[in-house]
Amino acid sequence: MWGQPPRLSCQSAARQPQSHLSQLVLILFLLTLPASAATWTVRVQPVKLFNGAPILFQVKSPAKLDSLTGSWLTHRLTFTYDASTKTWFALGGVSFETEPGKYTLELTGQSATSKAPLAFSHAFLVARANYPKIKVELSVEKKFTEPTPEQLKQIDEDQKTKQEYLNRVTPDREWDGKFTAPADASISDVYGSQRIFNGKAQRPHYGLDFRVPTGTPVAAMNSGTVLVARFLYFEGNCVFLDHGQGLLTLYFHMSELKVKEGDTVKRGQILGLSGGTGRATGPHLHVAVRWQGAYLDPARLLQLPLP
Ligand SMILES: [Zn+2]
């Protein structure tokens with residue numbers, strides 16, 4: 001259940017003046033208004049926001065801008081100008097843990113002509129998504145549920161690796177255009193579902209699982225830089241791709257890696273071959289989308305019509 005749709009600002013249609021005189025008065029009035037009183041347009045996709053959603057923000061400003069940044073749920077958004085549509089765009093999201101409510105997007109631009117700052121803010125409603133609550137009894141090896149002290153040491157080391165890379169925000173955008181699926185396969189588990197391992201409730205499933213046999217090529221969902229390409233205890237052979245501005249895609253449980261840390265890759269480039277390494281009940285591909293410290297729904301990112 002989505003709750004109320006968020007209010008969206010849009011360019012209000014100019015009223016038709018009754019006469020030439022009133023038209024003239026209106027024009028004179030508009031000429032005396034400061035630039036900041038002109039209209040901003042802010043569009044979001046998806047139109048109704050919910051926890052776990054990646055968001056495409058599209059902004060039209062009242063005056064030509066040199067730059068545009070935003071603040072959203074304590075995160076920073078850096079906008080890019082798309083000259084073909086005269087629109088500024090940025091990618092962001094809402095974490096799984098965000099409570100339903102009203103949240104404000106704050107925009108700050110710099111006028112291209114006067115160099116003066118231009119600001120605008122707009123509140124959006126965030127609803128709670130209805131993620132599947134089906135609890136599936138899965139059995140995994142004891143080494144994952146009751147690791148030995150030695151295995152715990154490895155897990156702790158991996159935790160440091162993940163801390164170091166998973167919250168990384170590099171300033172430049174490397175992704176370009178739509179994100180594409182990492183494999184042509186059916187989905188075996190969706191984002192947000194609740195899982196139980198050996199009778200114990202785990203955190204929600206923060207990724208999207210593709211049903212692929214071992215040895216299936218795994219493709220980069222967009223262009224980026226390889227941050228991590230190594231074996232981790234739970235993730236198995238995995239790749240973390242940095243797409244810039246805090247957006248990462250993660251690929252787990254591979255049997256073989258085909259890239260190394262520091263490589264730059266293009267969308268569709270093969271990162272490795274799928275498998276069942278790490279904590280996996282069988283061969284499959286788990287992909288996750290991380291934005292500035294929050295896991296977002298990969299299936300929704302694949303649906304976004306990105307410029
Ligand atoms: Zn998974």
Side-chain angles (χ1 to χ4, degrees), residues 50-54 93-97 129-145 147 155 158-159 161-162 165-167 179-222 227-241 243 247-257 270-291 293-303:
F50 51 90
N51 63 318
V94 181
S95 77
F96 187 90
E97 293 74 20
N130 199 7
Y131 291 113
K133 294 248 171 15
I134 308 152
K135 296 177 181 179
V136 185
E137 228 20 90
L138 296 169
S139 99
V140 288
E141 292 169 73
K142 235 178 168 173
K143 67 173 180 178
F144 296 115
T145 52
I155 291 168
D158 289 358
Q159 199 56 38
T161 305
K162 288 187 265 184
Y165 293 106
L166 284 180
N167 302 311
F179 280 70
T180 53
D184 182 14
S186 60
I187 302 303
S188 52
D189 197 5
V190 297
Y191 170 94
S193 62
Q194 172 107 46
R195 278 174 163 184
I196 292 177
F197 279 127
N198 291 355
K200 283 182 196 155
Q202 303 288 305
R203 63 178 196 174
H205 186 229
Y206 284 131
L208 179 68
D209 289 352
F210 289 83
R211 192 177 280 119
V212 286
T214 297
T216 308
V218 174
M221 292 164 73
N222 211 315
L227 271 185
V228 169
R230 63 177 86 166
F231 180 86
L232 297 177
Y233 195 79
F234 290 114
E235 295 76 8
N237 290 312
C238 60
V239 170
F240 297 2
L241 272 190
H243 303 289
L247 192 74
L248 313 180
T249 53
L250 320 175
Y251 311 76
F252 294 175
H253 311 310
M254 289 191 271
S255 57
E256 206 180 314
L257 299 177
I270 302 308
L271 304 173
L273 303 177
S274 67
T277 57
R279 187 179 64 184
T281 49
H284 74 282
L285 171 66
H286 171 105
V287 295
V289 171
R290 186 99 174 156
W291 177 68
Y295 283 108
L296 305 179
D297 186 348
R300 295 286 186 162
L301 180 64
L302 294 172
Q303 289 168 359

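As the structure lists them, so they are numbered: ligands from 1, and atoms in each ligand from 1.
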- Message: For the Zn ion (ligand 1), give me the closest N/O/S atom belonging to H286, just the atom name.
- Response: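 That would be atom ND1.
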
- D209: which N/O/S atom is nearest the Zn ion (ligand 1)?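 Of the nitrogen, oxygen and sulfur atoms in D209, the Zn ion (ligand 1) lies nearest to OD1.
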
- Message: So, applying side-chain contact (heavy atoms from CB on, under 4.5 Å) with L271, which one of L257, T249, L241, N237 is it?
- Response: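 Testing L271 for a side-chain contact (heavy atoms from CB on, under 4.5 Å) against L257, T249, L241, N237 leaves exactly one candidate, L241.
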
- side-chain contact (heavy atoms from CB on, under 4.5 Å) with M254: which of V218, T214, T216, L273?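 Going through V218, T214, T216, L273 one by one, the side-chain contact (heavy atoms from CB on, under 4.5 Å) with M254 is satisfied by V218 alone.
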
- Go through the steps to decide whether F234 and F252 satisfy the test ring pair (Phe, Tyr, Trp, His ring centres under 6.0 Å), and finish with yes or no. CA-CA 9 Å; F234 290 114; F252 294 175; over 10 Å; no

- Item | By ring pair (Phe, Tyr, Trp, His ring centres under 6.0 Å) - contacts of H284 (at least two apart) |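 If we apply the ring pair (Phe, Tyr, Trp, His ring centres under 6.0 Å) test to H284, skipping adjacent residues, the hits are H253.
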
- Using 2.8 Å as a strict upper limit, say whether an N, O or S atom of H284 approaches the Zn ion (ligand 1) that closely.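 Not a single backbone or side-chain N, O or S atom of H284 is under 2.8 Å from the Zn ion (ligand 1).
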
